[in-house]
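Following: one structure in structure tokens, then a few remarks.
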Number of protein chains: 2
Amino acid sequence: MNDWNRDNSIAQFIRQRRKELRLTQVKLSDTTGVGLRFVRELEQGKPNLMTNKINQVLLFFGHELSTKPISDSTGRNMGK
Amino acid sequence: MNDWNRDNSIAQFIRQRRKELRLTQVKLSDTTGVGLRFVRELEQGKPNLMTNKINQVLLFFGHELSTKPISDSTGRNMGK
DNA sequence: TCATATTATACCTTTTTGGGTATAATATAT
DNA sequence: ATATATTATACCCAAAAAGGTATAATATGA
């Protein structure tokens, strides 16, 4: 078992969309052009990934990396 | 000159927020703990960056990496 | 159950990032 | 204009990602 973040929202998004389209990891790897290992690390929430590779996959789903505010449990915005 | 994407939205976000707080790249580098070189590559829109490093900077601004739909000029959603 | 498909883990290699530093270019202020 | 501060570019090095492949584990279906 690795110590990656399974409920990483990006990871979840990818896996969910992939399953909705009934694609295997292999298929997604082929069609997006990233390695199979990368698809797995991505879906399993490996913390350190290359943004261009992620975007390469997200593009297939019509998405891209962006930023969003972090809110705590009360909905308050954090940070400077 | 490099061929990076200057109007990368994440890059723009970082630089804009940094300037609003009147911080130098050096200051931001120090306070976030990432290297100065990284801050520069980030703001200049280098496409291949490690997500954890970006998040390390975004956290300071109360943000984090996420995904968003790509829309064309008409506002239509793209992709599968 | 049993065979197959899909996903997960482990090992090795190549490639590239990120850090640091030094230097050059640009912006800012007096 | 000129001194200073800030940002940009170029170099090398260590550390780590991504790819490939092989094997194990798990899920799926007949």
Side-chain angles (χ1 to χ4, degrees), chain A residues 1-67 70 79-80, chain B residues 1-67 70 79-80:
Chain A
M1 225 16 180
N2 58 43
D3 61 340
W4 301 344
N5 183 15
R6 263 193 182 48
D7 58 329
N8 174 322
S9 67
I10 298 174
Q12 285 186 325
F13 175 82
I14 299 289
R15 174 163 288 185
Q16 191 177 342
R17 297 302 301 270
R18 176 176 65 79
K19 297 212 156 185
E20 287 171 8
L21 297 179
R22 307 214 188 283
L23 297 174
T24 66
Q25 291 174 338
V26 177
K27 260 281 181 219
L28 185 61
S29 159
D30 286 347
T31 56
T32 59
V34 305
L36 174 55
R37 269 238 340 244
F38 181 84
V39 171
R40 292 183 172 148
E41 293 173 339
L42 175 55
E43 291 194 354
Q44 288 174 50
K46 184 182 177 187
N48 304 4
L49 295 173
M50 308 289 306
T51 51
N52 64 329
K53 291 288 165 189
I54 298 181
N55 276 324
Q56 208 171 325
V57 176
L58 285 178
L59 180 60
F60 176 75
F61 299 111
H63 285 244
E64 65 186 348
L65 281 175
S66 180
T67 66
I70 303 175
K80 289 280 182 309
Chain B
M1 213 42 164
N2 58 43
D3 61 338
W4 301 343
N5 184 14
R6 263 193 181 51
D7 58 329
N8 174 322
S9 67
I10 298 174
Q12 284 186 325
F13 175 83
I14 299 289
R15 175 163 289 186
Q16 192 176 340
R17 296 302 302 270
R18 175 175 66 79
K19 296 212 156 184
E20 287 172 7
L21 297 180
R22 307 211 188 284
L23 297 174
T24 67
Q25 291 174 338
V26 177
K27 260 282 181 220
L28 185 61
S29 159
D30 287 347
T31 55
T32 59
V34 306
L36 174 56
R37 266 234 346 240
F38 183 83
V39 171
R40 292 180 172 151
E41 293 174 339
L42 175 55
E43 291 195 355
Q44 289 175 53
K46 184 181 178 188
N48 306 6
L49 295 173
M50 306 292 307
T51 52
N52 64 329
K53 290 287 165 189
I54 298 181
N55 276 323
Q56 205 173 327
V57 175
L58 285 178
L59 180 60
F60 176 75
F61 299 111
H63 285 245
E64 64 187 347
L65 280 175
S66 179
T67 67
I70 303 174
K80 290 281 182 307

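Proteins get letters first, then strands, A, B, ... in listed order; numbering begins at 1 in each.
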In whole angstrom, what separates [X]'s [atom1] from [N]'s [atom2]?
X: A:N55; N: D:dA17; atom1: CG; atom2: P; answer: 18 Å
X: A:L28; N: D:dG19; atom1: CG; atom2: P; answer: 12 Å
X: B:D30; N: C:dG20; atom1: CG; atom2: P; answer: 10 Å
X: B:N52; N: C:dG19; atom1: CG; atom2: C1'; answer: 14 Å
X: A:L21; N: C:dT6; atom1: CG; atom2: C1'; answer: 17 Å
X: B:L42; N: C:dT17; atom1: CG; atom2: P; answer: 14 Å
X: B:Q25; N: D:dT7; atom1: CD; atom2: P; answer: 4 Å
X: B:L36; N: C:dT17; atom1: CG; atom2: C1'; answer: 16 Å

Checking all strands, does [X] fall into the base, sugar-phosphate, or nothing category for heavy-atom contacts under 4.0 angstrom?
X: B:Q44; value: sugar-phosphate
X: B:L49; value: sugar-phosphate
X: B:E41; value: sugar-phosphate

Return no unless some side-chain N or O of [X] is found under 4.0 Å from OP1 or OP2 of [N].
X: A:N48; N: D:dA16; answer: no
X: A:N2; N: C:dT9; answer: yes
X: A:K46; N: D:dA16; answer: no
X: A:K27; N: C:dT6; answer: no

Check: Does the A:T51 side chain pair with the main chain of B:M50, one donor and one acceptor, at a distance under 3.5 Å?
Finding: no

Next item on the list: State whether the side chain of A:T32 and the backbone N or O of A:V57 hold a donor-acceptor pair below 3.5 Å, judged by distance alone.
Entry: no

Next item on the list: Any chance you could lay out the side-chain contact (heavy atoms from CB on, under 4.5 Å) test for A:T67 and B:I14, step after step, and finish with the verdict?
Entry: CA-CA 10 Å; A:T67 66; B:I14 299 289; over 6 Å; no

Notebook entry, point to check: In terms of the nearest nucleotide of DNA chain C, which residue is placed more toward the 5' end: B:F38 or B:K19?
Noted result: B:F38

Check: Which residue lies toward the 5' end of DNA chain D, B:R37 or B:R15, if each is placed at its nearest nucleotide?
Finding: B:R15

Notebook entry, point to check: With respect to the side chain of A:R40, which nucleotide from C:dT7, D:dT7, C:dT17 is positioned closest?
Noted result: C:dT7

Checklist line | Side-chain donor-acceptor pair present, A:Q44, A:R6, cut-off under 3.5 Å | finding: no

Check: When rounded to the nearest 0.5 angstrom, what distance separates CG in B:N5 from CG in A:N52?
Finding: 12.5 Å

